[in-house]
Structures are given as structure tokens and as C-alpha cells.
Amino acid sequence: MQTYNIDEKGYYGNYGGAYVPEILYSTVENLREQYLPIIESEEFRREYHHLLRDYVGRPSPLYLAHRLSAKYGCKIYLKREDLNHTGAHKINNALGQILLAKKMGKTRIIAETGAGQHGVATATACALMNLPCRVYMGATDVERQHVNVERMRMLGAEVFPVQSGNRTLKDATNEAIRDWCCHPADTFYIIGSTVGPHPYPDMVARLQSVISEEIKLQLQQKEGRDYPDWLIACVGGGSNAAGTIYHYIDDERVRIALAEAGGLGLETSTTAASLQIGTVGILHGSRIKVMQTDDGQIVEPYSISAGLDYPGTGPIHCHLHETGRAKVLAINDDQALQAAFELTRLEGIIPALESSHALAMLPKLQFKSDDVVVLTVSGRGDKDLSTYLQHKDDINYNAI
Ligand SMILES: *Cc1c(COP(=O)(O)O)cnc(C)c1O
């Protein structure tokens with residue numbers, strides 16, 4: 001049977017691997033040897049699930065969205081990651097990696113962040129575990145995302161503004177890798193998505209797999225069968241999508257639809273749709289689809305949604321896209337905005353802009369009336385309110 005899972009060398013088909021500088025080789029190798037025995041151990045599982053339940057507030061509800069279902073003529077369940085502590089799925093991963101760091105005897109944490117969501121999740125985990133934390137963030141993003149910068153500082157993290165390149169997420173990641181090279185022995189690098197060198201994509205996917213583990217149980221209770229007909233999620237680096245599909249990846253009864261950020265449109269160069277317009281390259285330690293020029297310079301991505309604004313996509317989804325296992329569509333800014341207002345007016349839930357890209361797939365897919373659809377709402381929209389308000393006059397309220 002074909003499997004879409006990782007192989008023993010750290011590849012998903014043609015994608016993945018660990019392309020790291022010599023100086024990090026033994027650190028990454030050490031992590032590769034230790035991550036599975038630790039996260040599969042009874043002790044880790046107990047501590048991790050205790051935190052997920054009592055600190056994060058899991059299981060997150062699986063909510064049958066009645067009015068949305070009526071509109072699209074099928075049964076739509078929302079997996080409510082927006083209700084987690086800190087407002088998104090990222091905390092699942094940050095807590096898992098910090099427990100791993102502690103078990104490996106690391107005493108210092110670093111992270112990269114774009115919009116600041118992963119930075120806030122990591123700073124939260126570090127406050128909880130009393131570990132020093134430095135978050136690398138592009139100087140442009142530090143200005144754009146001021147509230148999250150203040151949250152991280154209040155939590156006790158040091159936010160380090162990165163001045164190189166375009167001063168956004170890619171540059172912050174480069175700087176975090178540089179720091180890691182200088183302090184490989186005592187420092188644990190908490191990566192925020194299913195990107196980076198092996199074992200990160202697999203490790204992050206496993207830590208987020210609690211999402212599909214819960215979906216199975218919740219569907220069994222609500223539908224009398226433990227699988228849906230469709231799974232829908234948005235993809236930046238790919239972690240909420242990887243968690244959503246983890247236990248269904250080889251189950252061909254379940255169709256997978258992924259939304260990447262189209263920005264102003266695939267045909268413009270103002271996009272972040274790296275699965276569809278990217279070419280194969282190495283970025284941040286992994287072979288993936290990257291937005292790049294002919295001579296391999298990274299093209300700055302664009303999306304209205306900061307969390308989807310990354311010039312590549314993790315290896316898991318590159319493989320799912322290439323094999324046709326997942327249907328991937330680019331959702332443009334205006335479509336995501338319309339979908340955000342639609343969910344807000346139909347269900348009283350203001351989604352994160354990233355999640356709105358997943359919601360905007362609903363009108364583009366063909367459902368049968370008895371289809372069971374599970375769509376992951378990766379985060380809540382509080383952080384995006386000013387963007388939503390800026391665009392409230394562009395919304396077609398008659399179409400809702
Ligand atoms: C960061 C973020 C994303 C995108 O990251 P993935 O790793 O692709 O999940 C999506 N939604 C929210 C709310 C985020 O904060």
C-alpha cells in the first residue's frame with residue numbers, strides 16, 4: 001500500500017530531508033535519535049496530555065455549524081482550534097517541543113516568528129516552564145505586529161528585531177538558525193510549523209496530530225463513524241493541516257482540500273501560493289516548493305494573512321499536492337475576507353484570517369448532501385480585527 005507518511009530517511013516522496021550546515025549536523029542528528037523515543041514514552045505522553053487538557057483546554061470542540069451547513073448543502077463540522085489558550089493551534093506544538101527540550105537537558109529556547117503567533121505560543125510555554133526565551137522577528141514585523149511583541153515581552157521573552165533582508169519571517173528564520181549554530185549544545189530551537197530539517201516536519205505533525213485524534217473520537221460519537229468525507233484546512237508551513245489529516249492521511253475514503261494564500265491572485269506576482277507557483281529548492285534545511293527566481297533568490301511572498309505569508313510550504317504538503325492526494329487551491333485576499341464575514345454572520349464566530357482561507361474553499365468544492373465535512377478553524381480573529389474593519393465595505397453582505 002502506498003503511504004503518504006515519512007520514510008526512514010526523512011523524506012516525503014521527493015521532499016524533505018535535512019540540509020544543515022556542518023556545525024549543526026550532530027545537534028540535528030541527536031534530535032533525530034531522541035525525538036521518537038521521548039515523545040512516545042509513557043512519561044512524556046502523560047505530561048503532554050495533562051497540559052493539553054488543563055492548560056490549553058482540550059479537547060477542542062467539534063461543532064456542527066448548522067447555518068453554514070444549510071448554505072453549502074452538506075454537514076459541516078468546525079474543529080475549534082480557535083478556542084485554545086493563546087488563540088490558535090500553535091500552542092499544541094510549542095508545549096510539546098518545550099517538554100522535549102527539557103527532557104533533552106536544554107536550558108535555553110529560541111524561536112522565529114512572523115506575525116508573532118508562534119512567538120507568543122513559545123513565550124507562553126517558556127513562562128510556564130521557567131526557561132529563558134529569545135524570539136527572532138523581522139524588524140518590519142516587529143512594527144506591524146506590535147501587540148504580539150508586547151505580549152511576548154510581558155511573558156518574559158526577549159524579542160530580537162532582525163534587520164537583514166526584507167526584515168520578515170524568512171530573515172528571522174535565518175537569524176534563528178545562525179543563533180542555533182553558535183549555541184548548539186544548550187539551545188533548543190522551537191520551530192513553529194512543519195518546516196525545517198528532518199525531524200522537525202514529522203515532529204511537529206505528530207505534536208499537532210492530537211487534532212485528528214480528537215476528530216476521530218468526536219465523529220464516532222456524533223456520526224457513528226470515525227471518518228469524514230472531506231477534511232479542509234489552510235496551509236502556511238502546514239502544521240494545522242498536518243494535524244488535521246494525520247490519522248487519515250492513508251485513508252482514501254477521506255478527501256483532503258488545502259487552501260494556500262493566493263494574495264492578489266496566482267497570475268499576479270503578489271501571492272504566497274508556493275505549492276502552485278513555487279519550484280523545488282532548499283529552504284531552511286528542507287527540500288520543498290519555494291518561491292524563487294531562476295537563480296535561486298527567494299521571492300518575497302505576499303498575503304493579507306501574516307500566518308500564510310511564507311515563501312515555501314512544508315514537505316508533507318508538497319508531496320500531497322504532487323501526488324494529487326490533496327486538492328490544493330489558492331484563495332485570494334478578497335475571497336478570504338468574504339468568508340470571514342460569512343462565518344461571523346452565520347455562526348457568530350470571528351475566525352483568524354488564515355482560517356478564513358480554509359472557509360473560502362467551501363463554495364469551490366462540490367459536496368453531496370450526506371457528505372460529512374470537517375474544517376479546522378486554526379485560530380481566532382481578534383488579532384485581525386483592524387484588517388477586517390478596513391475591508392468591511394468591500395464585503396458583499398447580500399451573498400451571505
Ligand atoms: C501560523 C498560523 C497558521 C499557518 O501555519 P500552519 O503551520 O500552516 O498551520 C494558520 N492559522 C493560524 C491561526 C496561525 O496562527
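Every heavy atom of this structure was used, including side-chain atoms; hydrogens, water molecules and symmetry mates were not. Everything quoted here is computed from the prediction, not taken from an experiment. Both ligands and their constituent atoms are indexed starting at 1 by order of listing.
- Of the N or O atoms in Lys383, none lie within a sub-3.5 Å distance of an N or O in ligand 1.
- For atom 10 (C) of ligand 1, the closest non-hydrogen atom on the protein side is Glu354 CB, 3.4 Å.
- Looking from atom 11 (N) of ligand 1 to the surrounding protein, the closest heavy atom is Ser378 OG, 2.7 Å.
- Distances below 4.0 Å separate heavy atoms of Gly379 from the following atoms of ligand 1: 13 (C).
- Ring pair Tyr200/Trp180 is perpendicular by interplanar angle, where above 60° counts as perpendicular and below 30° as parallel.
- For the side-chain contact (heavy atoms from CB on, under 4.5 Å) with Tyr12, the qualifying choice from Thr323, Asp202, Ile288, Thr3 is Asp202, the only one to do so.
- For the pair Gln117 and ligand 1, the shortest N or O to N or O distance does not fall below 3.5 Å.
- Checking only distances, Val235 never comes within under 3.5 Å of ligand 1, N or O to N or O.
- Ranking the protein heavy atoms by distance from atom 4 (C) of ligand 1 puts Gly307 O, 3.4 Å first.
- A salt bridge links Lys79 with Glu214: the distance from a Lys NZ or Arg NE/NH1/NH2 to an Asp or Glu carboxylate oxygen falls below 4.0 Å.
- Atom 3 (C) of ligand 1 has as its closest protein heavy atom Lys90 NZ, 3.6 Å.
- The side chain to side chain donor-acceptor pair (under 3.5 Å) check on Lys71 picks up Glu342, with sequence neighbours excluded.
- Arg67 and Glu347 are not joined by a salt bridge, as no carboxylate oxygen comes within less than 4.0 angstrom of a charged side-chain nitrogen.
- Polar contact with ligand 1: absent for Ala241 (N/O pair, distance under 3.5 Å).
- Using a 4.0 Å cut-off between charged side-chain N and carboxylate O, Arg253 and Asp251 make a salt bridge.
- Annotation: cation-pi pair Arg225/Tyr227 present, NZ/CZ under 6.0 Å from the ring centroid and within 45° of its normal.
- Applying the 4.0 Å criterion to heavy atoms of Gly236 picks out, from ligand 1, the atoms 8 (O).
- The shortest N/O to N/O separation between Gly238 and ligand 1 falls below 3.5 Å.
- At the top of the distance list for atom 6 (P) of ligand 1, counting protein heavy atoms only, stands Ser239 N, 3.3 Å.
- Hydrophobic cluster of Tyr11: the remaining members, joined at side-chain heavy-atom separations below 4.5 Å, are Tyr19, Ile282, listed by chain and number.
- At a 4.0 Å heavy-atom cut-off, ligand 1 touches His89 through the side chain alone.
- Listed by atom number, the atoms of ligand 1 under 4.0 Å from Ser193 heavy atoms are 6 (P), 7 (O).
- Cation-pi check for Lys216 over Tyr248 is met; the charged atom lies under 6.0 angstrom from the ring centroid and within 45 degrees of its normal.
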